[in-house]
Amino acid sequence: MKEKALMSQLHRFILHPLTAKLFLPILACTYILYLMMYMNFFPAFPVTPLGTIRDHRVTTALDDSIKHWTRTAMQNATDESIPSISAHSQTQGSTPQNVSRAAKQKGQLPSNKNLTYPLSTVGKVFFTTASGQDAMCSGTAIVSRNHSTVDTAGHCLYMYGEWVHNLVFCPLYEHGNTPYGCWAARDLEVPADWINARPNDFHHDFGMAIVAPNSQGDLTTLVGGAGWAYNQPADQPFYAYGYPAAYPFDGETIQSCTSSSGTIWPFGGGNVVSIPCNMTGGSSGGPWFINSNGTQYVNGHNDFISSIMRGHMFSPYYDDTWYALYNKAQQA
């Protein structure tokens, strides 16, 4: 009986108008405080439907891809030409970026402390086109949950309506030497709007290759994984790297460009960034680093050139789509 009387009093207390006036504001404040604490511990990243990312499972046996790339085959691979576009669809200006969702992730140092990081993460991407031509680009081993993700240009993975095959990534390549070997791709990923891009629209020319361990282990455990950043301001210094193979370069050594500041351009429904740089075909997919408090982050890649700014290299602006692509790749 006492328990029933107590429950009856509690019920009347909850339903009392004064209780509602006092209790509901307290509950609302508590909920808001909880959300603020949650956001501090778990920052919001863009959630992108899976349909916006296209995944291609590589069917070539991993060993066959590795065996295909002999020293001779590597040195005879043609450079994947840097796309060149006219200026008619490109205008300089400032398009708002989602700087409120800007984010950075520090990289993973290599297990070999004698390697120069983050240059230890830069390498050549070799592949065979759908027409059977052996070709090359550049890429970066990037910090990831699977320790096996390579950032590069979308046109180095998917071109002319077809996926490439026999793709391998060889960090620290020099004159046919691959001191740590190469890693064969098991999955390739690009944004869906790169698959369906209009001609000369490179604003989402992003690509990720997920590689399998080689005889020495996981990729980034060995050579390190570069840190990344996206939704960053363009008016800051960039440091570009790659393996240009078209004249006056030969693709056998890594080359670099340094810019005091990038320029952002609205283009193709999105944004691209340009820096002064004379690298040529073969450098596609090579990283652009930014420096923040002494730490380097990948925030772009060599992608295309344009008649609007001769002597400059362009990169897609690393935005929410880039992050969604990366996030899917690192979990593959």
Any donor-acceptor N/O pair, [X] side chain to [Y] backbone, under 3.5 Å:
{"X": "Tyr243", "Y": "Tyr173", "result": "yes"}
{"X": "Ser144", "Y": "Gln330", "result": "no"}
{"X": "Arg186", "Y": "Ala332", "result": "yes"}

Full working for side-chain hydrogen bond (donor to acceptor under 3.5 Å, both in side chains) between Thr72 and Thr70
CA-CA 5 Å; Thr72 299; Thr70 63; 4.7 Å; no
Contacts of [X] that satisfy side chain to side chain donor-acceptor pair (under 3.5 Å) - sequence neighbours left out:
{"X": "Trp288", "answer": "Asn302"}
{"X": "Asp218", "answer": "none"}
{"X": "Asn278", "answer": "none"}
{"X": "Tyr180", "answer": "Asn112"}

Enumerate the disulfide bond (SG atoms under 2.5 Å apart) contacts for residues 184-270, please, sequence neighbours excluded, ordered by first and then second residue.
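Counting only pairs at least two positions apart or across chains, the disulfide bond (SG atoms under 2.5 Å apart) contacts touching residues 184-270 are Cys257-Cys277.
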Tell me the closest heavy-atom pair linking Thr121 and Phe169, and the distance in Å.
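Smallest interatomic distance, heavy atoms only, reads O-CZ, 3.5 Å.
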Test applied, ring-ring contact (aromatic ring centres under 6.0 Å, His included); reference residue, Tyr230; option that passes from Phe206, Tyr323, Tyr318, Tyr326
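Per the ring-ring contact (aromatic ring centres under 6.0 Å, His included) rule, the option paired with Tyr230 is Tyr323, out of Phe206, Tyr323, Tyr318, Tyr326.
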Between Trp322 and Trp228, how do the two ring planes meet: parallel, tilted or perpendicular, split at 30° and 60°?
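Tilted, since the angle between the ring planes falls between 30° and 60°.
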ring-ring contact (aromatic ring centres under 6.0 Å, His included) partners of His175, counting only residues at least two apart
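Residues passing ring-ring contact (aromatic ring centres under 6.0 Å, His included) with His175: none at all.
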